[in-house]
Student: 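First the structure, then my questions, so here it is.
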Protein chains: 2
Amino acid sequence: MKPTDRPVTSRDVAKAAGVSQATVSAVLNGYSGNIRVSAATRERVLQVAQALGYAPNLAAQALRSEHTHLLALVVRAVQSHPYDQPIPYRLNEAASRAAYRSGYLLLAYHVEVYSSESPAKLVRHLRRQRVDGVLLDAPDCPELVQEVIAAGLRCVQLLRPQPAEGVPVVVVDPQPGIAAAIHHLVTLGHRHIGFVGLESDHPVDRARQRAFFSAMRTEGLEVDQKAIQLVPSYALESGYFAMQRLLDLRAPVTALLASADALTLGILRLLYERGIRVPQQISIVSYDDAFVAHLYPPISAIAQPYEAIAERAVSLLIPVQGENREAFASARVVLPSAFKPRASTAPPIGR
Amino acid sequence: MKPTDRPVTSRDVAKAAGVSQATVSAVLNGYSGNIRVSAATRERVLQVAQALGYAPNLAAQALRSEHTHLLALVVRAVQSHPYDQPIPYRLNEAASRAAYRSGYLLLAYHVEVYSSESPAKLVRHLRRQRVDGVLLDAPDCPELVQEVIAAGLRCVQLLRPQPAEGVPVVVVDPQPGIAAAIHHLVTLGHRHIGFVGLESDHPVDRARQRAFFSAMRTEGLEVDQKAIQLVPSYALESGYFAMQRLLDLRAPVTALLASADALTLGILRLLYERGIRVPQQISIVSYDDAFVAHLYPPISAIAQPYEAIAERAVSLLIPVQGENREAFASARVVLPSAFKPRASTAPPIGR
DNA sequence: CTGAAAGCGCTAACAC
DNA sequence: GTGTTAGCGCTTTCAG
């Protein structure tokens, strides 16, 4: 099997099969160019390669062919407990599989923080590695994107893009999910529905808010301004305090839409502490659906299609025959959200 | 900055700095061998490299130096919902960071299933990629480990090792955590404590069971055999049915130790459905602590030190100067578990 | 249909 | 101190 410790090379295969090394290469790569190999030779080469346990050296291939079959996933800073940020995990897994299926491999960069120094360092890494493409997961910092572009790296932004020319984007439209969620609540009998969102100018956050307002309008409901809580971050604490304010203000909501799973966690914690039961006393819907399906009660949520996001991003990055540069640069994939009713929503009290 | 589209090479740097290409290499690698570079030249080279935005081609380096600075994390099959398997995520992140800190990069292989065909294919990938080391996360299938070893890959097994010669191992000792958990329950007043474990011969599962029995003995408590539920898998469903049996058997436990987070999820689901409250009517402790801290109520749990596991594994894999092959092969790192009391444990009813 | 040869960017031994 | 040189394993023309 393995005659020596040194990995077997294509030359070894050639020698053993009694052909030239170039022929081996041709056979293994589906002989491009004007090279033609007889079926018999082909068979023999394949067999010998198999027998010798030949594995082409990707470093050499990369050196020669200028592409590494490596994709990088750059994951935004994970602040506190890792499990506060499960989205990158879903993305990572899905992207990793999608890449693998296409003969690519995924390098995961869990960048500590996007400090001022860090983006440059990261980009240096990426360039040294000669990755063929970069998936930028919600790059909160504009410089990162700028650096990546400036380095001439082929990349795509996911979920929460920074404004940038020439970088395709894969995002989610919150509208269908939120509309369905509000409709579901209204059907259950809710009239006073609150919203906890991020205080932000980012189109992604604005879109969630807008979708909420427009859904309310569609259902013919008024929005109580006091029932709209804008928080400074998508974090457990923010949800916790938002819920506190909602309760202290006696904003009479019977149902609540939290615009991120992390917020839901905080909301649930406060409700738990105050002994307020879900869904008996208040209905909760979460946006993201990264993991709230596993809480008790399982939380009704608006799901983002993480697997699809990763897949689309990967296939954008993998160059196709005769690809149009313009088309790539301006690609903008918008995937729909979807509402998943579960056990955290029920008719309001007194019905 | 970037005069042309072609990445700048060390030769470009050499030309621009007016030195030979070898000198550039020497400077950038801390000039090994008998080569000496004057401080002035050194400075100049560094500056030119910086100015040109030079990034060494790792493929070329790898080709030459026979090591790629790439580590692979092979993650066991993820069956159902990704979030049922959060441990790989914790490991992945921690390993990725640890590797990055040491100048290595982590390739994540989320292998669909360890089917009969798959291990060979995976190993082929690993060999093509010429990874410097492989972290095997709980390789449930012995062939995988055998193949990896047979391929001459440097590897370490994590958490749930297969018996194999010459492969170091990083595992967790459940004893300290379980002892502390039982002691905690006893202190609260519990006498009837149940256990949901895996029906298995694997040392890791046996150790959890043994730790439970020995802790009970230490506390001077008898174990009710009916309160020991052995299930066929660490899965939500298994926990669900085990709890069902416990309830139907009227095994009068006031507290329960579930030997995996996944089981806890199932247990909680049944309790939720039956309207049995935690911790008022039953106390729950979970083993793993991969994510149950975020449930409501937050679950008291025996934590495995995932970050430490990944770090130790990575540093085992990274070869050190003058390393002892024997010592590497027989390394066996055992990390302690720790109990984290949270809100799912309380005095039993009637106290 | 197959072989010979050049060279990708880098490291390291050796010559000056 | 610094330059020259020989490959690492592969792809890809170009001759035969």
Side-chain angles (χ1 to χ4, degrees), chain A residues 4-46 48-49 52-70 103 127-132, chain B residues 4-46 48-49 52-70 127-130 132:
Chain A
T4 158
D5 237 3
R6 179 181 60 67
V8 4
T9 73
S10 67
R11 186 142 45 223
D12 298 335
V13 176
K15 205 172 300 175
V19 298
S20 90
Q21 184 265 346
T23 306
V24 174
S25 179
V27 168
L28 265 41
N29 297 303
Y31 32 81
S32 64
N34 61 353
I35 212 166
R36 299 243 59 93
V37 182
S38 73
T41 320
R42 196 181 121 74
E43 262 322 299
R44 189 151 35 86
V45 168
L46 253 22
V48 172
L52 258 42
Y54 170 65
N57 184 328
L58 287 196
Q61 268 178 334
L63 180 56
R64 192 63 238 245
S65 64
E66 313 263 59
H67 68 292
T68 52
H69 288 263
L70 248 31
R127 294 199 22 209
R128 287 158 46 107
Q129 205 63 247
R130 299 290 192 272
V131 295
D132 288 341
Chain B
T4 159
D5 237 3
R6 179 180 59 69
V8 1
T9 74
S10 67
R11 187 144 41 227
D12 298 335
V13 176
K15 205 171 302 174
V19 299
S20 91
Q21 184 266 342
T23 307
V24 173
S25 180
V27 168
L28 265 42
N29 296 304
Y31 32 81
S32 63
N34 61 354
I35 211 164
R36 299 245 57 95
V37 182
S38 72
T41 319
R42 196 183 122 73
E43 262 322 299
R44 190 150 35 87
V45 169
L46 254 22
V48 172
L52 259 42
Y54 169 66
N57 185 329
L58 288 196
Q61 268 177 335
L63 181 57
R64 194 64 241 247
S65 64
E66 311 263 63
H67 69 290
T68 52
H69 288 263
L70 247 33
R127 296 199 19 208
R128 287 158 46 108
Q129 205 63 246
R130 300 290 192 271
D132 288 341

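Letters A, B, ... are given to chains in the order of the sequence lines, protein chains preceding strands, and every chain is numbered from 1.
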Student: In terms of side-chain heavy atoms of B:Arg64, which of C:dT11, D:dT12, C:dC8 is nearest?
Tutor: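 Looking only at heavy atoms from C-beta outward on B:Arg64, the closest nucleotide is C:dT11.
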Student: Describe the nucleic acid contact of B:Ser38 in one word from base, sugar-phosphate, nothing, applying a heavy-atom distance below 4.0 Å.
Tutor: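 Since only primed, P, OP1 and OP2 atoms lie under 4.0 Å of B:Ser38, the category is sugar-phosphate.
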Student: Looking at every heavy atom in both B:Val13 and B:Val8, which two are closest together, and how far apart are they?
Tutor: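 Closest pair (atom of B:Val13, atom of B:Val8, distance): CG2-CG2, 4.1 Å.
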Student: Mind checking if B:Ser65 touches a base, just sugar-phosphate, or nothing, with heavy atoms under 4.0 Å?
Tutor: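 Here B:Ser65 touches no strand at all.
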Student: What contact category does A:Glu66 fall into here, base, sugar-phosphate, or nothing, at under 4.0 angstrom with non-hydrogen atoms?
Tutor: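 It contacts nothing in the nucleic acid.
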Student: In whole angstrom, what separates A:Asp12's CG from D:dG9's C1'?
Tutor: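 Nearest whole value for this atom pair: 10 Å.
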Student: Give a yes/no answer on whether the side chain of B:Gln21 brings an N or O atom under 4.0 Å of OP1 or OP2 in C:dC10.
Tutor: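 For C:dC10, OP1/OP2 do not have a side-chain N/O of B:Gln21 under 4.0 Å.
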Student: Locate the shortest heavy-atom distance separating B:Arg130 from A:Pro7; write the atom from each residue and the value.
Tutor: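 Taking every non-hydrogen atom into account, NH2-CB, 3.8 Å.
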Student: Tell me whether the OP1 or OP2 atom of D:dC8 has a side-chain N or O from A:Arg11 closer than 4.0 Å.
Tutor: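 Indeed, a polar side-chain atom of A:Arg11 lies that close.
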Student: Among D:dG3, C:dT11, D:dC8, which is the nearest nucleotide to the side chain of B:Gln61?
Tutor: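 Of the options given, the side chain of B:Gln61 lies nearest C:dT11.
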Student: Under a 3.5 Å distance rule, please check whether A:Thr23 uses its side chain to pair with a backbone N or O of A:Val19 as donor and acceptor.
Tutor: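 Flag not set: sc A:Thr23 to bb A:Val19 has no pair under 3.5 Å.
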Student: Taking the side chain of A:Tyr54 as heavy atoms from C-beta outward, which of C:dG9, D:dT12, D:dC10 is closest to it?
Tutor: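 Among C:dG9, D:dT12, D:dC10, the one nearest the side chain of A:Tyr54 is D:dC10.
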Student: Does A:Thr41 have a side-chain nitrogen or oxygen under 4.0 Å from the phosphate oxygens OP1 or OP2 of C:dT2?
Tutor: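 Affirmative; the distance criterion is met.
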Student: Return the value, rounded to whole Å, for the distance between atom CZ of A:Arg44 and atom P of C:dC1.
Tutor: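 Taking atom P of C:dC1 as the reference, CZ of A:Arg44 is at 14 Å.
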Student: Distance check: side-chain N/O of A:Thr23 vs OP1/OP2 of C:dT2, anything under 4.0 Å?
Tutor: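 No, outside the criterion.
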Student: State, to 0.1 Å, how close B:Ala62 and A:Ala59 come at their nearest heavy-atom pair, and which atoms those are.
Tutor: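 Answer, listing the atom of B:Ala62 first, then A:Ala59: CB-CB, 3.9 Å.
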Student: Examine C:dC8: is either OP1 or OP2 under 4.0 Å from a nitrogen or oxygen in the side chain of B:Asn57? Give yes or no.
Tutor: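 It does not, given that no N or O in the side chain of B:Asn57 lies less than 4.0 Å from OP1 or OP2 of C:dC8.
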Student: Between A:Tyr54 and A:Thr9, which heavy-atom pair has the shortest distance, and what is it?
Tutor: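 The answer is CE1-C, 3.4 Å.
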Student: Roughly, in whole Å, what's the span from NE2 in A:His67 to C1' in D:dT12?
Tutor: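 So the two atoms are 14 Å apart, to the nearest Å.
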Student: Nearest-nucleotide wise, let me know which of B:Ser20 and B:Ala60 is further upstream toward the 5' end of DNA chain D.
Tutor: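 Nearest-nucleotide comparison on DNA chain D picks B:Ser20.
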